[in-house]
Amino acid sequence: MGKIKPFFEQVYAVIRLIPKGKVTSYGRIANMLDAPRGSRAVGYALRALKYKRNDPDYEGIPWQRVVNVQGEISLPGIGKQMQVELLEEDGVKFSSKGRIDLKQYLWEGMLPHEIKPLIGIEEENDGGQR
DNA sequence: TGGGTGACATGAT
DNA sequence: AATCATGCCACCC
């Protein structure tokens, strides 16, 4: 039946949909996955990529396109600089305060029912009856 | 094997 | 405006 991928997998699948030159927030990704309080879990998924960097299944995930709802980089330390660099390569500009103007660069995303087929999740209702 | 551990967002104080 | 608690989930040791 509705083949459910683990949540982290769903997160990665959504991130792959973020267009180059755009960003989205942890919270928006959570909302797209029907997990309105799951923003933190989205962050956990991103952190977990560190353990998967040798796994070909997880290559090419544009993780840099996820920022917090303020348009700021959440990733601490050296990784932050790397994220800024990658975003600049994407064509995203930072303000003098190190912020991204979400009015300009935000990827609005999709509704949960729109995004599920794209990330390999079937709707659980079979046939629309209820 | 089971906790502890994090790239967050929100509402209440 | 700044702090605080809480919800959320897979993975490593």
Side-chain angles (χ1 to χ4, degrees):
Chain A
M1 302 302 307
K3 190 177 191 103
I4 301 302
K5 289 188 183 180
F7 186 79
F8 283 17
E9 299 286 329
Q10 299 182 42
V11 171
Y12 304 140
V14 172
I15 293 175
R16 288 183 191 278
L17 299 176
I18 306 173
K20 179 174 178 177
K22 293 288 181 178
V23 300
T24 193
S25 70
Y26 299 88
R28 292 188 90 93
I29 291 174
N31 282 322
M32 289 180 225
L33 295 176
D34 274 332
R37 304 274 123 63
S39 53
R40 196 174 190 187
V42 172
Y44 300 158
L46 283 161
R47 175 188 161 279
L49 281 177
K50 165 170 68 178
Y51 303 113
K52 303 177 189 304
R53 69 193 155 203
N54 293 323
D55 188 330
D57 288 344
Y58 300 96
E59 275 178 24
I61 296 174
W63 57 268
Q64 75 274 19
R65 297 175 190 161
V66 186
V67 300
N68 70 25
V69 76
Q70 326 267 350
E72 297 162 336
I73 304 296
S74 287
L75 174 60
I78 187 67
K80 178 173 187 169
Q81 301 173 30
M82 164 122 37
Q83 186 170 3
V84 170
E85 271 184 44
L86 288 169
L87 282 170
E88 286 176 338
E89 287 175 22
D90 280 354
V92 174
K93 308 287 190 208
F94 285 78
S95 76
S96 51
K97 290 166 268 184
R99 280 252 219 99
I100 295 168
D101 180 11
L102 293 182
K103 296 259 191 286
Q104 182 175 1
Y105 293 108
L106 177 68
W107 178 59
E108 301 266 347
M110 304 170 127
L111 297 175
H113 77 272
E114 294 172 326
I115 209 164
K116 280 179 183 173
L118 298 180
I119 63 177
I121 306 290
E122 302 166 21
E123 295 283 355
E124 46 214 55
N125 59 338
D126 47 341
Q129 309 304 332
R130 179 108 4 142

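Predicted model, so just to flag it, every value in this text is computed and none were measured. Residue numbers start from 1 in every chain, and the chains themselves are labelled A, B, ... in the order their sequence lines are given, proteins ahead of strands.
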Participant: Look at all strands and tell whether A:Lys50 reaches a base, only sugar-phosphate, or nothing, counting heavy atoms closer than 4.0 Å.
Facilitator: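 No contact.
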Participant: Same cluster for A:Val11 and A:Met110 if Ile/Leu/Val/Met/Phe/Trp/Tyr side chains link at under 4.5 Å?
Facilitator: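 Yes, same cluster.
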Participant: Identify which nucleotide among C:dA10, B:dG6, B:dC8 has an atom closest to any side-chain atom of A:Phe7, counting heavy atoms from C-beta outward.
Facilitator: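 Of all the options, the side chain of A:Phe7 is nearest to C:dA10.
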Participant: What is the distance, rounded to the nearest whole Å, between atom CG of A:Leu106 and atom P of B:dA9?
Facilitator: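 That distance rounds to 12 Å.
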Participant: Determine the contact category for A:Pro36: base if any of its heavy atoms lies under 4.0 Å from a base atom, sugar-phosphate if only primed atoms, P, OP1 or OP2 are that close, otherwise nothing.
Facilitator: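 The answer is nothing, as A:Pro36 stays clear of every strand by at least 4.0 Å.
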Participant: Starting at CG of A:Leu49 and ending at C1' of C:dC11, how long is that distance when rounded to a whole Å?
Facilitator: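 Going from A:Leu49 (CG) to C:dC11 (C1'), I get 12 Å.
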Participant: Quick one: A:Tyr26 OH to B:dG6 C1', roughly how many Å, whole number?
Facilitator: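 Rounded to the whole Å, the gap is 11 Å.
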Participant: Do the side chains of A:Val69 and A:Ile15 join up, straight or via other hydrophobic residues, at under 4.5 Å, putting them in one cluster?
Facilitator: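 Each belongs to a different hydrophobic cluster.
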Participant: Indicate, with a heavy-atom threshold strictly under 4.0 Å, whether A:Ser39 touches base, sugar-phosphate, or nothing.
Facilitator: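 The answer is base, as A:Ser39 lies within the cut-off (heavy atoms under 4.0 Å) of a base atom.
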Participant: Step through the shown structure and confirm whether more than 12 heavy atoms of other residues, nucleotides or ligands are within 6.0 Å of CZ on A:Arg37.
Facilitator: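 No, because the 6.0 Å sphere around CZ of A:Arg37 holds 12 heavy atoms or fewer from other groups.
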Participant: Looking only at side-chain atoms of A:Phe8, point me to the closest of C:dC8, C:dA10, B:dC8.
Facilitator: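 The closest nucleotide is C:dA10.
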Participant: Rounded to whole angstroms, how far apart are CD on A:Gln70 and P on C:dA1?
Facilitator: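 Those two atoms, CD and P, are 12 Å apart.
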Participant: Please compare A:Ala35 and A:Glu9 by the position of their nearest nucleotide in DNA chain C and report the one closer to 5'.
Facilitator: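 Of the two residues, A:Ala35 wins.
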Participant: Of the candidate nucleotides C:dC11, B:dG6, C:dC9, which contains the atom at the shortest distance from the side chain of A:Ala41?
Facilitator: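 Taking heavy atoms from C-beta onward, the closest nucleotide is C:dC9.
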Participant: Take atom NZ of A:Lys5 and atom C1' of C:dC9, then tell me their distance rounded to the nearest Å.
Facilitator: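 About 17 Å, once rounded to whole Å.
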Participant: B:dT10, C:dC8, B:dC8: which one has an atom nearest the side-chain heavy atoms of A:Val69?
Facilitator: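 Comparing B:dT10, C:dC8, B:dC8 against the side chain of A:Val69, the answer is B:dT10.
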Participant: Would you mind reading off the distance between A:Arg40 atom CZ and B:dG11 atom P, rounded to a whole angstrom?
Facilitator: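 Checked: the CZ to P distance equals 17 Å.
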Participant: Compare the minimum distances between each of C:dC9, B:dC8, C:dG7 and the side chain of A:Tyr44, then state the nucleotide with the smallest one.
Facilitator: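 Per side-chain heavy atoms of A:Tyr44, the pick is C:dC9.
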Participant: Roughly how many Å is it from OH in A:Tyr51 to C1' in B:dG4, rounded to a whole number?
Facilitator: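 Spelled out: OH on A:Tyr51 to C1' on B:dG4 is 11 Å.
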Participant: Please state whether the phosphate of C:dA10, meaning OP1 or OP2, lies under 4.0 angstrom from any side-chain nitrogen or oxygen of A:Lys52.
Facilitator: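 Looking at the OP1 and OP2 atoms of C:dA10, neither is under 4.0 Å from any side-chain N or O of A:Lys52.
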Participant: Within this structure, what is the CZ-to-C1' distance between A:Arg47 and C:dC12, rounded to whole angstrom?
Facilitator: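 Answer to the nearest Å: 8 Å.
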Participant: Do A:Ile18 and A:Val66 make a side-chain contact, defined as non-hydrogen atoms from C-beta onward lying under 4.5 Å apart?
Facilitator: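 Yes, side chains in contact.
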Participant: Does NZ belonging to A:Lys93 count more than 12 external heavy atoms closer than 6.0 Å?
Facilitator: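 Counting other residues, nucleotides and ligands, NZ of A:Lys93 stays at 12 neighbours or fewer.
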